[in-house]
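In what follows, a single structure is set out as structure tokens and then discussed.
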2 protein chains.
Amino acid sequence: MPDVKHFDPEAVLEQVERLFWQRGAATTGIAEVIAVTGLSRSSLYATYGGKQDLYVQALRRYVERRSEPMFETLASDGRGLPAVAAFFDTLIEARCTGEYARWGCMAANAHAGPGDPQVRGLLDHHHGRLRAAMREALEAAGDQLRPGLDLDAVAESLALLAYGVNVRSRAGADPESLHKGVAAALDALRPTRT
Amino acid sequence: MPDVKHFDPEAVLEQVERLFWQRGAATTGIAEVIAVTGLSRSSLYATYGGKQDLYVQALRRYVERRSEPMFETLASDGRGLPAVAAFFDTLIEARCTGEYARWGCMAANAHAGPGDPQVRGLLDHHHGRLRAAMREALEAAGDQLRPGLDLDAVAESLALLAYGVNVRSRAGADPESLHKGVAAALDALRPTRT
DNA sequence: TCTATCCTGGAACGAGCAGTCCAAGTTGAG
DNA sequence: CTCAACTTGGACTGCTCGTTCCAGGATAGA
């Protein structure tokens, strides 16, 4: 059965992911996808389906291959607040400098689009994973935290803060301001110095 | 000079604002704008220019007429932390229930679009105003706050938090979770109970 | 070598897009 | 009343969109 594809579907999907991540789904045409990936319309539609399917697959890849590793690092770090701080440092660095500067977070960006059910499912999953990882990191913080905190609620607030960082970085926010804001949020969690 | 328009440009602009706010600029066609406003292509293009100009004007109206009043209330309240809490309560209520439920914040949504310079200018202005209002509210908090806080940094962190609320609410986030997250962030600012 | 199968390239399609243009209508000034 | 200025409705244009389709090429098994 000569059914061997002439390209690597995973590698192509990564290119597509980057295109949609940077430019957004609505403002990116199939013609651009073809130009960037180099494959033909037939192969594209045969392999991935239509544009919306393609976008969903790209977003899924982003959540699984880009976000999830960061979440796992955060959850399994074990240092407590320094792990959370490192997470935000890495995030701000990635969002403001280098190859992906001003691309924001593809999942955060996707919130602005139309409310496709598949997309919403991915976004809810993404948020749940972020919050859970944040919560795990906080559980390891012990007495680095002031007493009496509701860790679930704090995890939620830090997850929301991360969305803020992602959103503002896409508009070219000053990384120093972002660092300051994050530092203030984390400082407030620490016990009062005695 | 019979040059009286047959419609109220301001009222039309509000309808356009709501359309772009809810559906986004890229996914809204001029045909929809015409259908909703009831005016003709000629009048639309003669009055507002092309689609991008129209979007910028709608976004400007949103920032000036929707966001700014909330910022002014926050800045001039004078109660301190309760004012900040009330701001977030109102925000979550507006984002999750009623006429504008799941529309998010038009300015936050605009971050996901292409980096148009005019749009970016509006978004930077919007963020600056939010942060400044937050800072003013915090200055009135006095000893409601734990000592030693950097108010600028805290204001930035609360502004970022607001973006998180706006973004997640568009995906239908549970308002209770949002309230919890906000409450945790504000609680952490208070002095340790003695 | 022959054949069945599947992938590939590119032409073609209809729909929808943003934007232009002009004849017709309306209104205040003279 | 007449005219000039301006708005209005809607036909029209050229383009781009996502999607379909098919002839041709490549390949593995018989």
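Letters A, B, ... mirror the listed sequences (proteins, then strands); counts begin at 1. Any value given below was found using the heavy atoms of this structure, including those in side chains, with hydrogens, waters and symmetry copies removed. All of these numbers come straight from a predicted model, not from anything done at the bench.
Using five terminal pairs a side, the axes of the helix from C:dT1-D:dA30 to C:dG30-D:dC1 at its two ends make an angle of 10°, given in steps of 10 degrees.
Evaluation of the side-chain hydrogen bond (donor to acceptor under 3.5 Å, both in side chains) rule for A:Glu93 yields A:Thr97 as partners, not counting sequence neighbours. The side-chain hydrogen bond (donor to acceptor under 3.5 Å, both in side chains) test applied to B:Gln15 returns no partner, not counting sequence neighbours. Residues satisfying the side-chain hydrogen bond (donor to acceptor under 3.5 Å, both in side chains) criterion with B:Tyr55, sequence neighbours excluded, are absent altogether. Under the side-chain hydrogen bond (donor to acceptor under 3.5 Å, both in side chains) criterion, B:Asn166 pairs with B:Arg95, not counting sequence neighbours.
Applying the salt bridge (charged side-chain N to carboxylate O under 4.0 Å, His left out) test to every pair with at least one member in residues 13-36 of chain B, sequence neighbours left out, gives these pairs: B:Glu14-B:Arg61, B:Glu14-B:Arg66, B:Glu17-B:Arg61, B:Glu17-B:Arg66, B:Arg18-B:Glu99, B:Arg23-B:Glu32. Residue pairs that meet the ring-ring contact (aromatic ring centres under 6.0 Å, His included) test with at least one member in residues 143-181 of chain B, sequence neighbours left out, are B:His111-B:Tyr163, B:His127-B:Tyr163. Among residue pairs with one or both ends in residues 150-169 of chain B, those qualifying as salt bridge (charged side-chain N to carboxylate O under 4.0 Å, His left out) are A:Asp124-B:Arg168, B:Arg131-B:Glu156, B:Arg135-B:Asp152; sequence neighbours excluded. Residue pairs satisfying the side-chain hydrogen bond (donor to acceptor under 3.5 Å, both in side chains) criterion with at least one member in residues 33-42 of chain A, sequence neighbours excluded, are listed as follows: A:Ser40-A:Ser43. Applying the salt bridge (charged side-chain N to carboxylate O under 4.0 Å, His left out) definition to pairs two or more places apart or across chains, those involving residues 172-188 of chain A are A:Asp187-A:Arg190.
Between the P atom of D:dT16 and the CD atom of A:Glu32 lies a distance of 12 Å, rounded to the nearest Å. A:Ile30 places its CD1 atom 11 Å from the P atom of D:dT20, with the value rounded to the nearest Å. Protein atom CD1 of A:Ile34 is 13 Å distant from nucleotide atom C1' of C:dA11, rounded to whole Å.
When heavy atoms are screened at a 4.0 angstrom cut-off, A:Thr28 is found touching the sugar-phosphate backbone but no base atom.
Within residues 35-54 of chain A, the residues approached by DNA chain D to less than 4.0 Å at the level of any non-hydrogen atom are A:Arg41, A:Ser42, A:Tyr45, A:Gly50, A:Lys51, in residue-number order. Of the residues in residues 7-17 of chain B, those lying under 4.0 Å from DNA chain D by heavy-atom distance are B:Phe7.
Between A:Phe71 and A:Phe87, the ring planes are tilted. Angles from 30° to 60° get that label.
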